[in-house]
Amino acid sequence: MNKSSSIRNHLYDAATLPFSQACENNQQPILDVLQQELQDATHVLEVGSGTGQHSVYFAPRLTHLYWQTSDVFANHVIINAWHAAHPAPNLYAPLSFNVSSDSVPINKTINAPYDAVFTANTLHIMSWFLVSKLFELVGNMLPLEGKFIVYGPFNENGRYSSDSNRQFDYSLRQRDSNSGVRALEDIIEMAEKQHLLLINRYKMPANNEILVFQKKVDMP
Ligand SMILES: C[S@@+](CC[C@H](N)C(=O)[O-])C[C@H]1O[C@@H](n2cnc3c(N)ncnc32)[C@H](O)[C@@H]1O
């Protein structure tokens, strides 16, 4: 059995769920921003849900909207296990979504288009080509005024936001030369090509940030 099939076949219970301390630490500060930015949202797509740990914290605290998880298929067993341990009526099982695909997946049981997209800690993992693809897909799919909310570390003015982010970037690039902490200026320029305008920035703990983009017709 190869590694990925052994992960898929593993049955988790609440005691053996893969746990991320980073998620535990950042979930409340992220939620504080989401409660502010998603007041008018009804249906959110999370891209790269990872373990699903974030989703089980956010969904029951954002009861006015549907929270749709997604990730590459290999992560679905873990996400489903987190959902089974912490169910919420507005939390939806992961859709299979690799951003290399041509469209954003939909959940046909929810009769509402997405009006927001959230992603955490994914832009530094994906290649720049896939980051651009994600912004293109989200820009095409969102309605006007729809928001794309991105959490993670970013460089600005050619500088790392901390020594730990410099080391993090180095370790990412050692593992995969296509990965790496992205420059805020590059992200903004690429987002604007997709009619996604940066409307808000939030400084977050551990030298991370939340960037909030909104789809506009007329860009400045
Ligand atoms: C560092 S994890 C972050 C997980 C979670 N969002 C968090 O903050 O803990 C990066 C996530 O991006 C996902 N990912 C990487 N490449 C992807 C791709 N091409 N399409 C969709 N998801 C991808 C991975 O499967 C993984 O869940």
Side-chain angles (χ1 to χ4, degrees), residues 27 30-73 75-76 79-80 82-83 86-123 126 129-152 187-188 190-202 210-220:
Q27 61 193 12
I30 296 175
L31 178 68
D32 291 341
V33 173
L34 296 182
Q35 283 174 325
Q36 198 171 318
E37 292 289 347
L38 294 178
Q39 282 178 36
D40 299 326
T42 59
H43 190 184
V44 177
L45 174 69
E46 181 184 14
V47 176
S49 298
T51 60
Q53 198 175 331
H54 272 151
S55 67
V56 305
Y57 191 75
F58 299 152
R61 293 167 177 84
L62 295 164
T63 53
H64 63 288
L65 52 76
Y66 300 112
W67 190 273
Q68 176 63 62
T69 53
S70 77
D71 209 315
V72 296
F73 183 69
N75 285 350
H76 287 203
I79 298 171
N80 282 322
W82 268 92
H83 287 189
H86 305 277
N90 61 333
L91 175 60
Y92 284 80
L95 295 172
S96 205
F97 183 36
N98 189 320
V99 304
S100 62
S101 46
D102 288 334
S103 60
V104 170
I106 53 167
N107 180 337
K108 292 185 182 137
T109 65
I110 306 174
N111 192 19
Y114 303 113
D115 46 18
V117 178
F118 169 77
T119 195
N121 294 315
T122 54
L123 303 194
M126 296 172 189
F129 172 78
L130 289 179
V131 173
S132 310
K133 189 80 198 294
L134 175 60
F135 274 80
E136 183 186 331
L137 289 171
V138 171
N140 284 336
M141 178 274 292
L142 278 179
L144 283 180
E145 308 298 319
K147 289 180 179 173
F148 184 25
I149 302 178
V150 179
Y151 171 90
I187 296 275
I188 291 173
M190 188 253 308
E192 288 183 353
K193 288 183 188 149
Q194 306 302 332
H195 292 266
L196 293 167
L197 180 69
L198 182 68
I199 57 162
N200 279 323
R201 276 176 81 178
Y202 297 85
I210 286 182
L211 308 178
V212 182
F213 298 90
Q214 191 166 40
K215 182 148 167 194
K216 300 284 182 193
V217 194
D218 298 318
M219 300 295 284

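These numbers come from a predicted model, not from an experiment. Worth knowing before you read on, the calculation uses all heavy atoms, side chains too, and leaves out hydrogens, waters and symmetry mates.
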Side chains of [X] and [Y]: does their closest heavy-atom pair fall under 4.5 Å?
X	Y	answer
L38	I149	yes
V131	V99	no
Q27	L31	no
F148	Q194	no
L142	L196	yes
L62	H64	yes
N80	P94	yes

Legend entry - Result of checking H86, H83, Q68 against S55 for side chain to side chain donor-acceptor pair (under 3.5 Å):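 That would be H83; it is the only one of H86, H83, Q68 passing the side chain to side chain donor-acceptor pair (under 3.5 Å) with S55.
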Inset, instruction - Assess whether side-chain contact (heavy atoms from CB on, under 4.5 Å) is satisfied between Q214 and L197, documenting all intermediate values. - result: CA-CA 5 Å; Q214 191 166 40; L197 180 69; 5.5 Å; no
Between atom [atom1] of [X] and atom [atom2] of [Y], what is the distance when rounded to the nearest 0.5 Å?
X	Y	atom1	atom2	value
L95	S49	CG	OG	9.0 Å
M126	T119	CE	OG1	5.5 Å
L130	T122	CG	OG1	10.5 Å
S70	I79	OG	CD1	7.5 Å
L123	L134	CG	CG	6.5 Å

Legend entry - Partners passing side-chain contact (heavy atoms from CB on, under 4.5 Å) against P87 (at least two apart in sequence or in another chain):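 Testing P87 for side-chain contact (heavy atoms from CB on, under 4.5 Å), a comparison that skips the adjacent residues, returns none.
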Legend entry - Test ring pair (Phe, Tyr, Trp, His ring centres under 6.0 Å) applied to F213 - qualifying residues, sequence neighbours left out: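 Only F135 meet the ring pair (Phe, Tyr, Trp, His ring centres under 6.0 Å) criterion with F213.
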Legend entry - Which residues share a ring pair (Phe, Tyr, Trp, His ring centres under 6.0 Å) with H195, sequence neighbours left out: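 Here no residue qualifies.
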Inset, instruction - Could you note down all residue pairs passing salt bridge (Lys or Arg N to Asp or Glu O under 4.0 Å) where residues 38-65 supplies at least one of them, sequence neighbours left out? - result: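 For residues 38-65, and leaving out neighbouring residues, there are no salt bridge (Lys or Arg N to Asp or Glu O under 4.0 Å) pairs at all.
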Legend entry - Residue pairs fulfilling side-chain hydrogen bond (donor to acceptor under 3.5 Å, both in side chains) with at least one residue in residues 87-98, sequence neighbours excluded: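 As it turns out, the side-chain hydrogen bond (donor to acceptor under 3.5 Å, both in side chains) pairs with a partner in residues 87-98, which skip direct neighbours, are N98-S100.
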Inset, instruction - Sort and list the pairs that fulfil ring pair (Phe, Tyr, Trp, His ring centres under 6.0 Å) and have at least one residue in residues 98-121, not counting sequence neighbours. - result: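 Applying ring pair (Phe, Tyr, Trp, His ring centres under 6.0 Å) to every pair that reaches into residues 98-121, excluding sequence neighbours, yields H43-Y114, F58-F118, W67-F118.
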Inset, instruction - For the pair H76 (side chain) and D71 (backbone), establish whether a donor and an acceptor sit closer than 3.5 Å, ignoring hydrogens and angles. - result: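 Indeed, once roles are kept as given, a pair shorter than 3.5 Å links the two residues.
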Legend entry - Steps toward side-chain contact (heavy atoms from CB on, under 4.5 Å) verdict (I106, L45): CA-CA 9 Å; I106 53 167; L45 174 69; over 6 Å; no
Inset, instruction - Search all heavy atoms of T63 against all heavy atoms of P60 and return the closest pair with its distance. - result: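 Looking at all heavy atoms of both residues, the closest pair is CG2-O, 3.3 Å.
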Legend entry - Exercise: identify the closest heavy-atom pair between V212 and E37: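 Minimum heavy-atom separation between V212 and E37: CG1-OE1, 3.6 Å.
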Legend entry - More than 12 heavy atoms from other groups under 6.0 Å of OH on Y66: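 No, OH of Y66 has 12 or fewer neighbouring heavy atoms, counting only those of other groups under 6.0 Å.
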Legend entry - Option from D115, I199, N200 for which side chain to side chain contact (heavy atoms under 4.5 Å, CB included) with K147 holds: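 Exactly one pass, corresponding to I199.
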Inset, instruction - Let me see the working for I188 and E192 under side-chain contact (heavy atoms from CB on, under 4.5 Å), right down to the final yes or no. - result: CA-CA 6 Å; I188 291 173; E192 288 183 353; 3.7 Å; yes
